Number of protein chains: 2
Amino acid sequence: MRIGELAERTGTPRRLLRYYEEQELIMPTRCANGYRDYDERFVDRVVQIRGLLDAGLPTRIIKQILPCLDKPRVIHFKDATPEMLATLEGELDRMNHRIACLTRNRDAIEEYLGVVRQDKASGPSAQSPGGR
Amino acid sequence: MRIGELAERTGTPRRLLRYYEEQELIMPTRCANGYRDYDERFVDRVVQIRGLLDAGLPTRIIKQILPCLDKPRVIHFKDATPEMLATLEGELDRMNHRIACLTRNRDAIEEYLGVVRQDKASGPSAQSPGGR
DNA sequence: TCGAACCATCACATAGATGTGAGGGTCAAA
DNA sequence: TTTGACCCTCACATCTATGTGATGGTTCGA
């Protein structure tokens with residue numbers, strides 16, 4: 001598939017698809033005329049990339065993470081240098097922190113919304129402390 | 001406490017503490033001489049802010065989230081305009097997506113590291129598919 | 001064969017978070 | 001009183017992910 005279709009199917013501007021390629025996150029083949037040629041698997045890959053970017057990971061790190069997601073992954077073992085493994089460990093750690101932080105705050109927001117909604121429902125002027 | 005101490009206790013450059021203030025995420029009082037004066041609660045707050053920034057939220061959103069975290073929160077109810085609630089709902093959603101994405105990828109990395117480590121241990125040249 | 005709808009590269013612009021440094025005030029201890 | 005370690009406010013630089021547009025090639029159907 002060409003860049004336009006991939007862009008549409010992933011909701012990603014073409015500009016960014018080219019950017020991700022420049023950052024070596026995706027490596028489409030080229031048709032005879034020079035057009036980029038993406039195979040089906042790139043749809044998920046791009047969605048993955050966007051999710052990680054949105055979650056605060058830089059392309060540099062995403063590039064290291066992506067190979068871990070390939071299944072079957074048998075082929076990729078030789079690439080695993082000790083430094084890369086260390087990077088991954090570190091990144092795993094940071095991801096856990098992020099998850100913890102997001103979860104904590106999500107729960108807080110959820111609780112807040114719950115209380116506020118209930119408050120609105122039972123009377124706009126009442127400010128029940130919710131009994132602590 | 002002054003900015004230097006807060007910087008040290010939160011591991012945050014002074015520059016950024018001033019930046020967060022400019023973005024109205026934190027509003028320290030001022031001493032007579034113009035120095036910023038942070039009270040104890042700012043330590044947690046700054047850590048919170050940094051966590052959220054690291055997780056990909058922009059200051060604009062963090063600013064809206066922070067009031068939800070204050071406990072007791074009784075005072076803050078009147079601020080809750082319908083638009084703000086809608087924003088929070090939306091942000092809650094995005095946070096859930098982020099959490100899901102991070103969790104998925106974290107698990108994949110974890111599994112990858114597990115397999116690779118086992119592989120290293122049992123013999124560097126073996127490439128067991130891991131049995132599905 | 002022409003035009004619309006693709007594609008390509010290149011370059012410059014923006015926005016947000018952060019680094020860095022200049023120029024200058026405050027204050028306490030030597 | 002001077003010095004060192006703080007603090008202040010600019011202001012400009014940098015990096016990353018993005019937006020936007022110029023310029024031009026390819027393909028295909030009218």
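Lettering of chains follows the sequences in order, A, B, ..., and the numbering in each one begins at 1. Just so we're clear, the structure is a prediction, and the values are computed from it rather than from any experiment.
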Check this for me, if you would: do [X] and [Y] make a salt bridge, where the nitrogen-to-carboxylate-oxygen distance has to be below 4.0 angstrom?
| X | Y | answer |
| --- | --- | --- |
| Arg45(A) | Asp70(A) | yes |
| Glu91(A) | Arg106(B) | no |
| Glu22(A) | Arg18(A) | no |
| Glu24(B) | Arg60(B) | no |
| Arg98(B) | Asp54(A) | yes |

Rounded to whole Å, please give me the gap between [atom1] in [X] and [atom2] in [N].
| X | N | atom1 | atom2 | answer |
| --- | --- | --- | --- | --- |
| Glu5(A) | dA5(C) | CD | C1' | 15 Å |
| Tyr38(B) | dC6(D) | OH | P | 16 Å |
| Asp37(A) | dC7(C) | CG | P | 12 Å |
| Tyr35(B) | dG25(C) | OH | P | 12 Å |
| Leu25(A) | dT18(D) | CG | P | 11 Å |
| Ile61(A) | dC15(D) | CD1 | C1' | 15 Å |
| Arg30(A) | dG25(D) | CZ | P | 17 Å |
| Arg2(A) | dT27(D) | CZ | P | 9 Å |

Measure the shortest side-chain to side-chain distance between [X] and [Y] over non-hydrogen atoms and say whether it is less than 4.5 angstrom.
| X | Y | result |
| --- | --- | --- |
| Thr10(B) | Asp44(B) | no |
| Leu52(B) | Cys101(A) | yes |
| Glu21(B) | Arg36(B) | yes |

Phosphate OP1/OP2 of [N] contacted by [X] side-chain N/O (<4.0 Å):
| X | N | result |
| --- | --- | --- |
| Arg36(A) | dC7(C) | no |
| Asn33(A) | dT27(D) | yes |
| Thr59(B) | dA17(C) | yes |

Problem - Residues within residues 8-24 of chain B bordering DNA chain C, heavy-atom distance below 4.0 Å - result: Pro13(B), Arg15(B), Leu16(B), Tyr19(B), Tyr20(B)
Exercise for the section: Check each residue of residues 87-96 of chain B for a non-hydrogen atom within less than 4.0 Å of any atom in DNA chain C, then write out the ones that pass by number, or none. Expected result: none
Problem - Nucleotide nearest Pro58(B) when distance is taken to its side chain, options dA17(C), dC7(C), dA8(C) - result: dA17(C)
Practice task
Describe the nucleic acid contact of Arg60(A) in one word from base, sugar-phosphate, nothing, applying a heavy-atom distance below 4.0 Å.
Solution key: nothing
Problem - hydrophobic_cluster_shared for Val43(B) and Leu66(B), side chain cutoff 4.5 Å - result: yes
